[in-house]
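Chain letters run A, B, ... following the sequence lines, proteins first, then strands; residues in each count from 1. Every heavy atom of this structure was used, including side-chain atoms; hydrogens, water molecules and symmetry mates were not.
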Protein chains: 2
Amino acid sequence: MPVTIQDVAREAGVSVSTVSRAFTVPDLVKEETRQHVLQTAERLGYRPNRAARGLITGKTGNFGVIVPDLSNPFFPTVLKGVQARAREADYAVFLADCDENPAEEMALVQAMAKQVDGVILCSSRMTPSQLDRVVGTTSLVFINRQVRDNPAVLMGPAAGMRQAIDHLAALGHRRVAYLNGPKASWSNRERRRGLRQAARYAMEIVELGPFAPRFEGGPHAADLVIAEGVTALIAFNDLLALGVMSRLADRGVAVPEEMSVVGFDDIPMAGMATPPLTTVAMQNERAGRAAVDLLVNLLTVSGADAGDLRRDLDCQLIVRASTTVPARS
Amino acid sequence: MPVTIQDVAREAGVSVSTVSRAFTVPDLVKEETRQHVLQTAERLGYRPNRAARGLITGKTGNFGVIVPDLSNPFFPTVLKGVQARAREADYAVFLADCDENPAEEMALVQAMAKQVDGVILCSSRMTPSQLDRVVGTTSLVFINRQVRDNPAVLMGPAAGMRQAIDHLAALGHRRVAYLNGPKASWSNRERRRGLRQAARYAMEIVELGPFAPRFEGGPHAADLVIAEGVTALIAFNDLLALGVMSRLADRGVAVPEEMSVVGFDDIPMAGMATPPLTTVAMQNERAGRAAVDLLVNLLTVSGADAGDLRRDLDCQLIVRASTTVPARS
DNA sequence: TGAAACTATGCAAACGTTTGCAGAGAGGGT
DNA sequence: ACCCTCTCTGCAAACGTTTGCATAGTTTCA
């Protein structure tokens, strides 16, 4: 039923080699026959079977993306960028969600390895030893995580944290809580690194958590924060921050008057919350595109001098109404 | 470099056929040899090449999902369900985002056709004629759209609308606006069908739009609604509803006192808005899973009596603070 | 004891491509 | 008239699997 290269060849009165070449190496076949082949192919509705092609070329024309949790609005936006750029480069994209589970993530990479030319790992949660088992099975590009000299797109989490600290310090906060995200998260580690900026201002940092990087993690975190008596908090991401704000409202703690709140990611919800959330915006979609660029580059150039293996994007603190000067106590 | 079935055969001292059978038809090979083969395979880290397998079996073990817009939070949740169920059934998933563009959507199906066993079309925007060109190229399952007798998972949009109308009628609203979503959307057509429920209550419906089903569509819609002088509105989806509420707030129209607002989808943001949004909740993740079930079923059974080709899920009105009795004028 | 019926395995063809090699013309220079 | 080169095309092998058919060995039964 599906039309193959054989059908086109027979119909066009040429050999399969010619048909193949008409598509893949146009300058090897006479312009006239090439047109003829292309037309009959079009007429018959022929689309080359990429699996068969991949079998011989070793290239599948696919790659994979693995994200920790699709229901976290952070990821769909970077997926969108991946998607768009992939289509431009004529690649198809396998998607998988590992549910924040590192072992599952590793299994997914291994399962994908044979069907793809490379995999993009978004905020990978894998342990170093799991990574070792996986590096080399296929080309990898990381987003939001730097592991040795593997290609990576980074969104400057430490710099983002420094901006947040600068902002809170400028407002006069002297004792600030940081709500940790998942332990396995590289972004979280980087953000903690950024916390050192506090030393400049003699600001005291109280670390709490880790918490689930979701709205549901907020209430627990909020209660701990209140008990600490800080005047401001920085949450691992916006979802967590929103959950915290919700609980603070329930407990009668006014934001921002009694508690300033800063998030990360600038998800769409952040701007619509009450009060609108001050947050560090990332260039998600651009990161997705950059990751594809890196991967494509990696696959096309000889491999020796792949050139730049890292792309650093900057992020931007968006000040909204959830932060202000601390209450005089 | 990658280890093939040949390597395993040589290493295990058997023929490739035996290795192949050890994996795919275990009862055809002696338990003892089978164990031996499986062990050497494991030791060598062999994973069958699915493309090569697909070439001969005609089954790829993949399928595709196409969504109109990843940045609409409605879709990632159904994707999550698709993902989870697909992995259980040992399928890999191609993802594509057609950017609300029907022509692109069609092209994507055609491009995928050869690499997948079937495609799940989520809220497909294709025209009937585009659909004709695509039906038959591969197995299709629709979510949120019914086209002739193709397999489909429906989330009861008409019934959802009836619940919304009942609710507003009970509150005493007599003149209500409906803000249309994309013209090409089947859900939108179905919801309009549900509007007939209004007749029961002598309620007048004012239809406006279509509007982009995004936050950005809201302001324009809000201004039109205010000009109509209705006491309540039902928006095509939550994003649009939130956009409307934002503009209403800017224009000094109090929600819900001067205007009741109902959305569709119950995206996470809905519950966190001010005021929290009354909305019709869908079972997105379950819909995703159901779609995969349908597809798998379609592919495994002979095809003749595929049994149930439709799955109807019900939805549920969630009443929050954005709706109340109309102001006495 | 021999035929019949299984059981377990191997051989080789097929799936739809790409690609190295070789051959057929055509054209050009001597 | 010859050889060389160049352009275009076809043949056939390969890629990593699955699977129909054949074969060899083992069991069953009369």
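The footprint of chain A on DNA chain D, defined by a heavy-atom cutoff below 4.0 Å, extends from dC8(D) to dG16(D).
Note on residues 78-112 of chain B: pairs passing ring pair (Phe, Tyr, Trp, His ring centres under 6.0 Å), not counting sequence neighbours, are Phe94(A)-Phe94(B), Phe63(B)-Tyr91(B). The side-chain hydrogen bond (donor to acceptor under 3.5 Å, both in side chains) analysis of residues 19-28 of chain B, with sequence neighbours excluded, yields no pairs. Applying the side-chain hydrogen bond (donor to acceptor under 3.5 Å, both in side chains) definition to pairs two or more places apart or across chains, those involving residues 102-122 of chain B are Arg87(A)-Glu104(B), Thr60(B)-Asp117(B), Glu105(B)-Ser124(B). Residue pairs meeting the salt bridge (charged side-chain N to carboxylate O under 4.0 Å, His left out) criterion with at least one partner in residues 57-69 of chain A, sequence neighbours excluded, are Asp69(A)-Lys80(B).
Scanning all heavy atoms of the two residues, the minimum distance from Pro68(B) to Ser123(B) falls at CG-O, 3.5 Å.
Side-chain atoms of Asp99(B) never come within 3.5 Å of backbone atoms of Asn101(B) as a donor-acceptor pair (strictly under, hydrogens ignored). A donor-acceptor pair under 3.5 Å is absent between the side-chain atoms of Asn284(B) and the main chain of Thr77(B), judged by distance alone. For the pair Gln146(A) (side chain) and Ala152(A) (backbone), a donor-acceptor distance under 3.5 Å is absent. A donor-acceptor pair is defined here as one N or O able to donate and one able to accept, closer than 3.5 Å; no such pair exists between the side chain of Arg47(B) and the backbone of Gly45(B).
Within the helix from dT1(C)-dA30(D) to dT30(C)-dA1(D), the inter-axis angle between the opening and closing five-pair segments is 50°, rounded to 10°.
Contacts between residues 45-59 of chain B and DNA chain C, defined by a heavy-atom separation below 4.0 Å, involve Leu55(B), Ile56(B), listed by number. Listed by residue number, Ser17(B), Ser20(B), Arg21(B), Thr24(B) are the residues of residues 13-26 of chain B with a heavy-atom contact under 4.0 Å to DNA chain D. Using a 4.0 Å cut-off on heavy atoms, none of the residues of residues 5-12 of chain A approach DNA chain D.
In this view, Phe23(A) and Tyr46(A) satisfy the ring pair (Phe, Tyr, Trp, His ring centres under 6.0 Å) rule, not counting sequence neighbours. Annotation: side chain to side chain donor-acceptor pair (under 3.5 Å) contacts of Arg214(B) (sequence neighbours excluded): Glu216(B).
Contact annotation: the side chain of Ser185(A) approaches that of Arg125(A) to within less than 4.5 Å [non-hydrogen atoms, C-beta and beyond].
Rounded to whole Å, atom C1' of dG10(C) lies 13 Å from atom CG of Leu28(B).
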List the atom pairs, donor and acceptor, that lie under 3.5 Å between side-chain atoms in residues 4-12 of chain B and the rest of the protein, sequence neighbours left out.
unit_1   : atom_1 : unit_2   : atom_2 : d
Thr4(B)  : OG1    : Gln6(B)  : N      : 3.0
Asp7(B)  : OD1    : Arg10(B) : NH2    : 3.2
Asp7(B)  : OD2    : Thr4(B)  : N      : 2.8
Glu11(B) : OE2    : Arg43(B) : NH1    : 3.4

